[in-house]
S.K.: 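Questions regarding the structure given below will be posed in turn.
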Number of protein chains: 4
Amino acid sequence: MSPKIVNKAEKRREIGQRALACFAREGAVVTSMSQIARAVGVGKGTLYEYFRSKEELITYAMELYVEAIEEQVSRMLDGIADPKERLRFYAISVAEHIIDDPKTAGVMLAIFQLLISDQSNNQPAALKGMFRQARQTITSILREGAENNIFTEKAGREAETIAINCIAIVDGLWMHAMASGDIDLKHQINHYLDGLYRLIEAETV
Amino acid sequence: MSPKIVNKAEKRREIGQRALACFAREGAVVTSMSQIARAVGVGKGTLYEYFRSKEELITYAMELYVEAIEEQVSRMLDGIADPKERLRFYAISVAEHIIDDPKTAGVMLAIFQLLISDQSNNQPAALKGMFRQARQTITSILREGAENNIFTEKAGREAETIAINCIAIVDGLWMHAMASGDIDLKHQINHYLDGLYRLIEAETV
Amino acid sequence: MSPKIVNKAEKRREIGQRALACFAREGAVVTSMSQIARAVGVGKGTLYEYFRSKEELITYAMELYVEAIEEQVSRMLDGIADPKERLRFYAISVAEHIIDDPKTAGVMLAIFQLLISDQSNNQPAALKGMFRQARQTITSILREGAENNIFTEKAGREAETIAINCIAIVDGLWMHAMASGDIDLKHQINHYLDGLYRLIEAETV
Amino acid sequence: MSPKIVNKAEKRREIGQRALACFAREGAVVTSMSQIARAVGVGKGTLYEYFRSKEELITYAMELYVEAIEEQVSRMLDGIADPKERLRFYAISVAEHIIDDPKTAGVMLAIFQLLISDQSNNQPAALKGMFRQARQTITSILREGAENNIFTEKAGREAETIAINCIAIVDGLWMHAMASGDIDLKHQINHYLDGLYRLIEAETV
DNA sequence: AATGAATGAGTTTTCATTCAT
DNA sequence: TATGAATGAAAACTCATTCAT
């Protein structure tokens, strides 16, 4: 019956990916649907076959971006056992993922902008979830560390607070790194974590 | 010599201030020149007597914003002598200044976006300066603390690195606080600084 | 000979019917081919197998509509013998057919619009025929009435003129009734016909 | 203060007039704002300086049209004293006003369409008023005639009903005249009115 | 110097129509 | 024959900017 068999979900994803590239290059708001269509290599109208509106496309693209980071980082984390290493690796790889493709930073900022402005909206639930997810990952690392007597018991108790600070410093750092151009991201993160570890490392007798 | 010149600068400032209020309320991109003109109480054309373009007006308004924060914070800092107190106060007052008027966060994000995207541009020099300024303020506090034997000598040497992390965590925190809605900003900052102070406080015999 | 041909005409009719329902519900101009296709239960492309264009489909649907009214009314007329009753019934049932399903009025207006604007077009011949048909029906009623000495001889001679006025008043009335909302259609028609009958009724000795 | 003194109301009117011509030529729905702008001789954007939306422009143009008819007809009516003449003149001049500029009929139909579809809307109040106005004019003519013993007392009592029928037949007639092309408007109206007068004329002793 | 009327390029979105399957 | 994915022309509308006054 279907004359042309098209995997709609797949194409949707592809459009989202290409749109993401545009957003990263120029900013989501100022990227026009025409530009996206050209970038994807389809007609303007086709975009509306896959997304009800520009907003929906933006949100979807951001979700893709967030998924990608999460997946990549968590995959990399799998190979590391030591909680200290895990935490350090997590922080640095997130930061570098953003710095490596500097255009990506714009997407990250756009996500923040969306979450800050559209607090009533229901769509960006997936985006909000991303932060919760990240927070949880770090909290877990800290708690596990505490359980395994690598971090202090107190660190385990304060895991959530520490996790939030970790994430905040990482995000704050890449932002400033991108804005200023003279910040050594790795050095900053290591300095922070070295201090943190001195504070929360359990005394090994 | 001619009083006109003073007036021109003054009016420019006034327009910038009112525009800033609009930007905070609605976001710089979606605020139209008509809206600004109405808010300022002048004709649309008049805006172009004082600014070559909307972009110039936006940038100028952001500079005003940044100046205002800097000034306010530095004025408040004057009354505080203890470096530890000074640092804590600095961090918390910056964060709360943004959180108190949540719309302001949008301006802050816009500034970052501007700095990240327009790295070639020469206009946002003043904005870039802001971060340097802030960094310097904190660096100074730390160095002074080290000189007065309140912080370790090492803290004095690493003052710049610590300052960057301080700023980064503050900016990261208000962003996440605004985006997530369930973060106790003060608690997070205090937790970070308490840890920091344990690390850099000089042993008082 | 081939059964396909029968099917084709039948399906064409079915599509027209369903399209008509859409037009009545929403207006022909704003009803999209997609909507029609969905309502009919076929693919968008299929519509173009049966109609060269949307316009052709619209015209055809209107023809169906007109046929339906004609058929319904004439079927009902069959049971009535008295010319006065026939005329009254005709007028009222046409008017009420339109008022009962108010959306239908839009179709009627669209038909007028089509006829008024597209005077060059050859397609709406069937539509034009409808009015001629109606005129003839009423003319016949009047002439028969005159022959049977129920209406005056003069009425028989002026039958065409009277018929046109009859139709005009009926169409004018439902239009104003729909537009104004405070017109008692039946009362108006009866008032008109009562007057008419006083004028054209043959004196029964 | 005003750099360019423009009578906004006047220009609004002028735009409305030219738009009306477009609507008459092509139909309000299918006339694009670009076409109107070109016809008026201004830029697209200028239209939106005077009308918030296309809908507002359409409604306004129709109001102009209605006003024009009303004014013209009532001005002509002034010179006529005899109620019978007045009524006849009213009916014929309205009908001919529409027939004379056949394009105008499209506007009339569009007004009906608007009133029939948009019964919730508040804008076309002025349009609705037009029909009430016309009804009242005719009702008054009939009542005055009855008072002056030209029409029967009964005609005075039924004035409203008769007025509605009068208007309906006139509107129905020009519609059918335009649609069919073979109707003698004047003859039809005269035939109707001659009949009516026979019915409602007071017996002069 | 100040103004606001005028503008048109550019935006998002719709939809009749085509055509490969 | 039937389909629906793809399309691009066209629509309504916005707004930064210009310029005559």
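All chains are named by letter (A, B, ...) in the order of the sequence lines, taking the proteins before the strands, and each is independently numbered beginning at 1. No hydrogens, no waters, no symmetry mates; every other heavy atom, side chains included, goes into these values.
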S.K.: Please determine if A/Glu56 and A/Arg12 form a salt bridge, counting it only when a charged side-chain N lies under 4.0 Å from a carboxylate O.
M.R.: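 Yes, this pair counts.
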S.K.: Grab the CE-C1' distance between A/Met33 and E/dT14 for me, whole Å please.
M.R.: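 Spelled out: CE on A/Met33 to C1' on E/dT14 is 12 Å.
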S.K.: Tell me the interatomic distance from D/Lys8, atom NZ, to E/dA5, atom C1', rounded to whole angstroms.
M.R.: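 Roughly 7 Å, once rounded to whole Å.
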S.K.: Identify whether any heavy atom of A/Thr46 sits under 4.0 Å from a base atom; if not, whether one sits that close to sugar-phosphate; answer base, sugar-phosphate or nothing.
M.R.: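 Contact class for A/Thr46: base.
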S.K.: Between atom CZ in D/Arg12 and atom P in E/dA5, what is the gap in whole Å?
M.R.: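 Computing the D/Arg12:CZ to E/dA5:P distance gives 14 Å.
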S.K.: Both D/Glu49 and D/Val29 contact DNA chain F. Which one's nearest nucleotide lies toward the 5' end?
M.R.: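 Counting from the 5' end, the first nearest nucleotide belongs to D/Val29.
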S.K.: When you measure from the side-chain N and O atoms of B/Tyr50 to the phosphate of E/dA2, is any distance below 4.0 Å, counting only OP1 and OP2?
M.R.: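 So the side chain of B/Tyr50 is within the cut-off, an N or O lying under 4.0 Å from OP1 or OP2 of E/dA2.
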S.K.: Rounded to whole angstrom units, what separation is found between the CZ atom of C/Arg52 and the P atom of E/dT18?
M.R.: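 Distance, rounded to whole Å: 12 Å.
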S.K.: Any donor and acceptor pair, going by atom type alone, linking the side chain of A/Thr46 with main-chain N or O of A/Val42 inside 3.5 Å?
M.R.: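 Checked: no pair found.
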S.K.: What does B/Phe51 touch in the nucleic acid at a heavy-atom separation under 4.0 angstrom: a base, only the sugar-phosphate, or nothing?
M.R.: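 Touches nothing.
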S.K.: Rounded to the nearest Å, what distance is computed from the CD atom of residue D/Glu55 to the C1' atom of nucleotide F/dA11?
M.R.: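 My rounded result for the distance is 15 Å.
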S.K.: To the nearest Å, give me how far apart CD (C/Gln35) and P (E/dT14) are.
M.R.: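 Roughly 12 Å, once rounded to whole Å.
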S.K.: Under a 3.5 Å cut-off for both contacts, is E/dT11 paired Watson-Crick or G-U wobble with anything, and if yes, with which nucleotide?
M.R.: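 With both distances under 3.5 Å, E/dT11 matches F/dA12.
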S.K.: Taking for each residue the nucleotide of DNA chain E bearing the nearest heavy atom, is the 5' side occupied by C/Val30 or by D/Val42?
M.R.: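 First, find each residue's nearest nucleotide; the 5'-ward one identifies D/Val42.
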S.K.: Is there a salt bridge (charged side-chain N to carboxylate O under 4.0 Å, His left out) between C/Arg13 and C/Glu67 once you walk through the steps?
M.R.: CA-CA 12 Å; C/Arg13 198 176 184 82; C/Glu67 268 177 36; 3.3 Å; yes
S.K.: If you look at every heavy atom in A/Tyr48 and A/Ser53, which pair is closest and at what distance?
M.R.: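 Answer, listing the atom of A/Tyr48 first, then A/Ser53: CE2-CA, 4.2 Å.
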S.K.: Looking at A/Tyr48, I'd like to know whether one of its side-chain N or O atoms comes within less than 4.0 Å of OP1 or OP2 on E/dT14.
M.R.: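 So the side-chain polar atoms of A/Tyr48 never come under 4.0 Å of the phosphate oxygens OP1 or OP2 of E/dT14.
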S.K.: Given atom CD1 of B/Ile36 and atom C1' of F/dT17, what is their separation to the nearest angstrom?
M.R.: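 For the pair B/Ile36 CD1 and F/dT17 C1', the rounded distance is 13 Å.
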S.K.: Donor-acceptor pair, A/Lys54 side chain versus A/Val29 backbone, under 3.5 Å?
M.R.: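 Looks like yes, one N/O pair under 3.5 Å.
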S.K.: Could you state the atom-to-atom distance from CZ of B/Arg38 to P of F/dC15 in whole Å?
M.R.: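 Those two atoms, CZ and P, are 11 Å apart.
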S.K.: Mark yes or no for a side-chain to base donor-acceptor pair under 3.5 Å between D/Lys44 and E/dG10, with no hydrogen or angle criteria applied.
M.R.: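 Side chain to base: pair found, below 3.5 Å.
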S.K.: So, OP1 or OP2 of F/dA6: does either fall under 4.0 Å of a side-chain N or O from A/Lys11?
M.R.: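 Yes, because at least one side-chain N or O of A/Lys11 sits under 4.0 Å from OP1 or OP2 of F/dA6.
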S.K.: Whom does F/dT21 pair with, Watson-Crick or G-U wobble, provided both distances fall under 3.5 Å?
M.R.: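 Because both required distances fall under 3.5 Å, F/dT21 counts as paired with E/dA2.
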S.K.: Taking the nucleotide of DNA chain F with the nearest heavy atom to each, does A/Leu47 or D/Ser32 sit closer to the 5' end?
M.R.: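 First, find each residue's nearest nucleotide; the 5'-ward one identifies A/Leu47.
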